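Structure first, then comments.
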2 protein chains.
Amino acid sequence: MEKSSDVLTKEQIIAATEETIKRYGMAKTSVTDVAKSLGVSHGSIYRHFKSKTELFEAATEQWLEEKIIAPLADVCRDSSLRGVGHVQAYIRTLVQLKRHYAREDEALFAMYAKVTDESAELISKHIGRIIGHLTDIMLRGGLKSDQPERSAGAVFYATARFHHPAHAYEWKSPAIDAEFSDVWALIEQGLKTND
Amino acid sequence: MEKSSDVLTKEQIIAATEETIKRYGMAKTSVTDVAKSLGVSHGSIYRHFKSKTELFEAATEQWLEEKIIAPLADVCRDSSLRGVGHVQAYIRTLVQLKRHYAREDEALFAMYAKVTDESAELISKHIGRIIGHLTDIMLRGGLKSDQPERSAGAVFYATARFHHPAHAYEWKSPAIDAEFSDVWALIEQGLKTND
DNA sequence: CAACTGACAAAAAATAAAATTTGTCAGTTG
DNA sequence: CAACTGACAAATTTTATTTTTTGTCAGTTG
């Protein structure tokens, strides 16, 4: 990737970072490599990002926003869905998205797994957004009006095995779909009872 | 630890392995170190265990049996408990045991985490025993008579965040107890509905 | 003068060399 | 002769050495 304009932007740098990670993998990508792919000196990158960590966190935040949060926000907004079915559609989408990227975009999924594992702040912000969506869905669906945020968290954590990257290798099991359905059946009953 | 009798047994070797891991940590423990602590040549250990992997797996199996399965079997057998409350007592015990050893016996907990992470067979056998217990409790409590084993699995996997070693660092959070209670409330409703 | 370069020291990573560990087995010992 | 030893090759790990990378900044450039 060559310099396309004469002002270097954060967006360009992040795009080059993703490309470089896809080419060399997470472990082998250096700031120097990213600079090389942009045709600039690595010092330039440090005018835009304080550190390598900050650069990788910015790339991960963008990736999460675009690949995970945006499609989830669509499901959240979907007015054809209501109540428990809406929650189910949301969680199923979350689970499918994670599985999709774990398989189809290993390099950037590895970036997301590593960066979130090392940044409590980033992961907690991300989880906060998802629990926010779920809370919203529950309120609009008239579910669990007493403590909707805690119920939202409970649904999220009860399905952790199906969306937390630490469990990604388990997603290859042929039993995983049945196991999710069984867990979902349990949760669904729990959600239905208290509405 | 010196040789206590003149016939070397698997049990002695496993005990020495645990001691050595506690002393040097998982990463720094070699078969040679274990042999040294027994006052034998490392070749002797290979008459009892085909490989270092097999030795560590045997030590882990014993640890799981003694520290996790045995106390869980007690809860399973406890005739003062029935139905959903029995399931809850079982899962709470499982969660507490894992947390206890993660904190109080880091070295052997690390052994368990590493060995199970690397042996699909060992972990699947262990999970099988727990799901067996839960199935038993459910049948005796008259819960979910249609597919008790699948419900048992659902309860186990829905609480994975609270007992799977990949989540051990999250157990330090002060919110963890509240989060477990919220997940449990959801599960409990699910279990109660279908009995 | 804002945006970038390139030279630099400190930190980290890769490579090379040395030492240890793993696993085997012929031979010793009680 | 069953149980163990100790010497050995191959594999792995550790340590030492070299190279690269990170992060800074004074200086250049358009």
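All values reported here derive from a predicted model rather than from experimental measurement. The figures that follow rest on heavy atoms only: side chains count, while hydrogens, waters and symmetry mates do not. Proteins come first, then strands; the chains are lettered A, B, ... in the order of their sequence lines, and each starts at number 1.
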Identify each atom pair where a protein N or O and an N or O of nucleotides 18-28 of chain D are less than 3.5 Å apart, giving names and distance.
from	atom 1	to	atom 2	distance (Å)
D/dT22	OP1	A/Val31	N	3.3
D/dT22	OP1	A/Lys52	NZ	3.0
D/dT22	OP2	A/Val31	N	2.8
D/dT22	OP2	A/Thr32	N	3.3
D/dG23	OP2	A/Tyr46	OH	2.8
D/dG23	OP2	A/Lys52	N	2.7
D/dG23	N7	A/His42	NE2	3.1
D/dG23	O6	A/His42	NE2	3.0

Inset, instruction - Please identify each residue that fulfils salt bridge (charged side-chain N to carboxylate O under 4.0 Å, His left out) with A/Glu118, with sequence neighbours left out. - result: A/Lys114
Legend entry - Dot-bracket encoding of pairs in DNA chain C, which uses [ ] for pseudoknotted crossings and | for another strand, Watson-Crick or G-U under 3.5 angstrom: ||||||||||||||||||||||||||||||
Legend entry - Residue pair A/Lys98 / A/Ile68, side-chain heavy-atom distance below 4.5 Å: yes
Inset, instruction - Let me know the distance between CD1 of B/Ile45 and P of D/dG6, rounded to the nearest Å. - result: 14 Å
Under 3.5 Å, sequence neighbours excluded: what are the donor-acceptor pairs made by side chains of residues 131-139 of chain B?
from	atom 1	to	atom 2	distance (Å)
B/His133	ND1	B/Tyr90	OH	2.6
B/Thr135	OG1	B/Ile131	O	2.6
B/Asp136	OD2	B/Arg140	NH1	3.2

Legend entry - Nucleotide C/dT21, atom C1' - distance to CG of B/Leu55 in whole Å: 14 Å
Legend entry - Over 12 non-hydrogen atoms of neighbours within 6.0 angstrom of CD in B/Glu104: yes
Inset, instruction - Describe, in one word, how the ring planes of A/Trp184 and A/Phe180 are oriented to each other, choosing from parallel (under 30°), tilted (30 to 60°) and perpendicular (over 60°). - result: parallel
Inset, instruction - Before accepting this row, confirm whether a basic side-chain N of the pair A/Arg129/A/Glu65 lies closer than 4.0 Å to the acidic partner's carboxylate O. - result: yes
Inset, instruction - Whole angstrom is fine here: how far is it from NE2 in B/His48 over to P in D/dA3? - result: 8 Å
Legend entry - B/Lys67: partners by side chain to side chain donor-acceptor pair (under 3.5 Å), with sequence neighbours left out: none
Legend entry - d(CD1, A/Ile13; P, C/dA3) in whole Å: 12 Å
Inset, instruction - To the nearest Å, give me how far apart NZ (B/Lys10) and P (D/dA3) are. - result: 11 Å
For residues 72-79 of chain A, run the donor-acceptor check on the side chains, cut-off 3.5 Å, and write out each pair with its distance to 0.1 Å, sequence neighbours left out.
from	atom 1	to	atom 2	distance (Å)
A/Asp74	OD1	A/Arg77	NH1	3.0
A/Asp78	OD1	A/Ser80	N	2.8
A/Asp78	OD1	A/Ser80	OG	2.6

Inset, instruction - Figure out the CG/P separation between B/Leu38 and D/dA3, and round it to whole Å. - result: 17 Å
